[in-house]
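When a ligand or atom number is given, it counts from 1 through the structure's own listing order. As a basis for the values below, the full set of heavy atoms in this structure was taken, side chains included, without hydrogen atoms, waters or symmetry mates. The chain is numbered in sequence order, starting from 1. Keep in mind it's a predicted model, so treat the numbers as computed, not measured.
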Amino acid sequence: MTIHLPKVLDIQNKTVIVRVDFNVPLKKKAQGDSFDYVVADDQRIRSALETIFFLKEHNCKIILISHLGRPDGQVIKEFSLEPVAFYLKQNLGLEVEFAHDCIGAEVVEKAAALQKGEILLLENLRFHPEEEANDTAFASKMIKDTNAEVFINEAFSASHRAHASVVGLAKLLPSFAGFDLVAETKILGRILDKARHPFVVVLGGAKIDDKVSTVQNLSKLADLVLVGGGIANAFLKASNIEVHKSFMGKKAEENVKIAKAILDEHQTERTMINIAETGKSLPLPKITLPVDVLAAKNKDVNDEKEVIHLELLKNVKDSEHDLDLQYLDIGKKTINLYKYLLSQAKTIFFNGPVGVFENPLFAKGSREIAKSIASSTTESGTITVCGGGETNAVINACGLRDRFTHVSTAGGAALEFLGGEKLPGIAVLEK
Ligand code: ADP
Ligand code: MG
């Protein structure tokens with residue numbers, strides 16, 4: 001069973017609804033103009049362009065739908081896709097209409113007015129709780145209001161979600177895979193087949209609630225999982241290491257429980273790592289945690305004097321340090337340890353910044369890790385793959401884009417794909 005790109009006859013002159021992933025990092029604009037937020041990294045937008053141009057060329061009316069962030073079923077301006085519509089017009093020269101909702105009167109009106117080759121971007125799908133609930137009535141209404149005749153999934157990075165726009169629409173309309181989605185599955189599939197060992201994963205980021213459990217799948221595939229960023233906090237806490245006010249995700253207690261179970265299960269597994277020039281090997285725990293961190297009272301501090309370097313000692317309840325501290329980057333010992341381990345790898349997957357890289361005071365860990373991985377592509381011929389919205393932003397900011405074997409737009413979806421999971425958004429396209 002395979003997924004198929006649309007043929008010209010499937011889409012020509014039709015109204016096509018395309019699930020894209022325009023969940024791009026935004027930054028607050030310093031001053032003026034009509035929008036408070038601007039696109040900070042456009043990788044995900046660019047990856048959908050081939051499909052969009054294909055549809056334009058064949059006289060389709062194009063309806064683009066996406067989520068952005070996690071507004072949890074509520075209308076929150078910070079998560080509006082309007083800055084993305086603006087970006088498509090200003091920076092990519094695409095004529096795009098924007099509707100301030102993804103269903104309802106404005107959508108009906110603007111979709112009806114759409115001419116062949118024109119594009120209409122709808123507002124954030126997740127402003128409606130029905131999106132994440134995979135509500136069929138919601139998907140039907142979207143089809144009715146937009147007059148969509150064909151569905152294309154061009155959001156590999158959202159395909160691990162059985163949501164209305166990913167799975168629901170695909171069940172109701174003739175459905176195809178976009179160019180980027182097909183390319184991603186091919187490349188990641190090949191990596192999975194060819195992966196050489198040691199296979200080392202660097203896992204960071206903030207989506208603890210999602211990512212904690214993926215460590216379980218990854219550890220079947222990988223020889224070492226180097227944990228950093230927000231997600232490390234759950235694992236540190238599960239190892240009885242104090243994390244103070246560090247970010248723990250919404251389901252903090254549950255995450256620590258899951259982390260503990262994963263650590264326990266892999267407790268006895270050790271990966272032998274060669275120690276440079278000694279000819280000796282050292283056994284390392286499969287799930288490796290930071291040994292030191294940079295901490296501060298909040299992630300927005302802008303003075304280096306407010307940043308504290310902490311060594312993390314097992315079973316030491318830390319009473320000396322300020323109880324308000326948050327761990328915001330990995331420390332220099334951890335950077336060196338992780339860099340060394342990465343230099344031993346033959347395959348590397350990197351998802352999730354290991355610190356709050358948006359603040360230059362906490363960007364060092366992520367930048368050093370990214371640089372180290374990039375250099376092993378060229379120097380040791382290591383297969384290097386990275387993915388994720390913010391991970392892409394780090395890679396682009398460091399100018400390292402061309403120095404990985406593959407840069408995926410996907411974080412969570414790539415993790416699940418590599419972990420051997422069948423993604424619901426892809427399964428539903430298989431014929
Ligand atoms: P990706 O998009 O690459 O998959 P995530 O969305 O999971 O990554 O997480 C990215 C975010 O994680 C970044 O915005 C970064 O600020 C945040 N982050 C990294 N380390 C920490 C930390 N120690 N505490 C809180 N947030 C963190
Ligand atoms: Mg992200």
Side-chain angles (χ1 to χ4, degrees), residues 21-28 40-41 43-44 66-70 78-79 155-158 160-161 201-215 218 226-237 241 243-250 252 255 289-290 292-301 307-308 310 312 325-331 334-335 338 349-370 373 385-398 404 407-418:
D21 187 354
F22 287 172
N23 178 29
V24 290
L26 297 178
K27 60 178 177 230
K28 236 185 173 136
D41 185 87
Q43 194 52 47
R44 283 183 167 161
S66 177
H67 74 287
L68 192 144
R70 303 196 156 180
E78 189 189 333
F79 298 112
F156 175 72
S157 43
H160 56 321
R161 301 278 177 242
V201 174
V202 180
L203 190 64
K207 290 181 188 154
I208 304 189
D209 301 332
D210 298 340
K211 289 183 183 176
V212 164
S213 44
T214 65
V215 172
L218 280 176
L226 311 179
V227 188
I231 154 151
N233 298 328
F235 286 90
L236 290 169
K237 180 117 191 177
I241 293 170
V243 297
H244 301 299
K245 291 277 159 56
S246 295
F247 177 75
M248 291 292 286
K250 280 186 191 151
N255 291 333
L289 304 180
D292 62 344
V293 290
L294 295 185
K297 284 201 178 166
N298 69 70
K299 62 182 167 55
D300 300 318
V301 297
V307 180
I308 300 165
L310 290 178
L312 303 171
L325 283 178
Q326 300 179 14
Y327 298 172
L328 297 165
D329 197 6
I330 55 174
T334 309
I335 294 178
Y338 285 10
F349 182 70
F350 172 33
N351 166 249
V354 293
V356 179
F357 74 99
E358 293 90 343
N359 182 340
L361 289 172
F362 308 114
K364 189 168 181 213
S366 303
R367 287 173 161 265
E368 291 279 317
I369 296 292
I373 299 174
V385 187
C386 66
E390 271 79 22
T391 309
N392 268 270
V394 172
I395 306 287
N396 289 337
C398 298
F404 286 77
V407 179
S408 172
T409 51
L415 284 171
E416 288 190 20
F417 190 92
L418 291 174

Closest non-hydrogen atom pair between Phe235 and Val215, with its separation:
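Nearest heavy atoms, Phe235 then Val215: CZ-CG2, 3.8 Å.
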Indicate the atoms forming the closest heavy-atom contact of Ala234 with Val212, along with that distance.
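Nearest heavy atoms, Ala234 then Val212: CB-CG2, 4.3 Å.
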Quick one: which of Lys207, Glu390, Gln326 has a heavy atom closest to atom 1 (P) of ligand 1?
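Ranked by closest heavy atom to atom 1 (P) of ligand 1, first place is Glu390.
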Minimum non-hydrogen distance to atom 8 (O) of ligand 1, winning option of Arg70, Lys211, Lys299, Met248:
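The option holding the nearest heavy atom is Lys211.
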What part of Asp329, side chain from CB on, backbone N/CA/C/O, both or neither, has a heavy atom under 4.0 Å from ligand 1?
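No part of Asp329 comes within reach of ligand 1.
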Specify side chain, backbone, both or neither for Tyr327, according to which of its non-hydrogen atoms lie closer than 4.0 Å to ligand 1.
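Near ligand 1, Tyr327 shows its backbone, while the atoms from C-beta on stay back.
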Does Asp209 pair with Arg70 as a salt bridge, N-O distance under 4.0 Å?
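Here Asp209 does not pair with Arg70 in a salt bridge, since their nearest N and O are not under 4.0 Å apart.
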Quick test: of every protein heavy atom, which one is nearest to [atom], and how far off is it to 0.1 Å?
atom: atom 16 (O) of ligand 1; answer: Glu358 OE1, 2.7 Å
atom: atom 4 (O) of ligand 1; answer: Asn351 ND2, 3.0 Å
atom: atom 27 (C) of ligand 1; answer: Val356 CG2, 3.5 Å
atom: atom 17 (C) of ligand 1; answer: Ala206 CB, 3.8 Å
atom: atom 3 (O) of ligand 1; answer: Thr391 OG1, 2.5 Å
atom: atom 19 (C) of ligand 1; answer: Gly355 O, 3.1 Å
atom: atom 22 (C) of ligand 1; answer: Gly230 N, 3.4 Å

The Mg ion (ligand 2) is nearest to which N, O or S atom of Glu390?
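The nearest such atom is OE1.
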Which ligand 1 atoms, with their elements, are less than 4.0 angstrom from a heavy-atom of Gly389?
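Near Gly389, the atoms of ligand 1 are 1 (P), 2 (O), 3 (O).
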Within the side chain of [X], is there an N or O that forms a donor-acceptor pair under 3.5 Å with the backbone of [Y]?
X: Asn392; Y: Ser408; answer: yes
X: Thr409; Y: Arg44; answer: no
X: Asp41; Y: Pro25; answer: no
X: Thr391; Y: Gly387; answer: yes
X: Lys211; Y: Gly204; answer: yes

Test side chain to side chain contact (heavy atoms under 4.5 Å, CB included) on Val385 and Phe350 and set out the steps.
CA-CA 6 Å; Val385 187; Phe350 172 33; over 6 Å; no
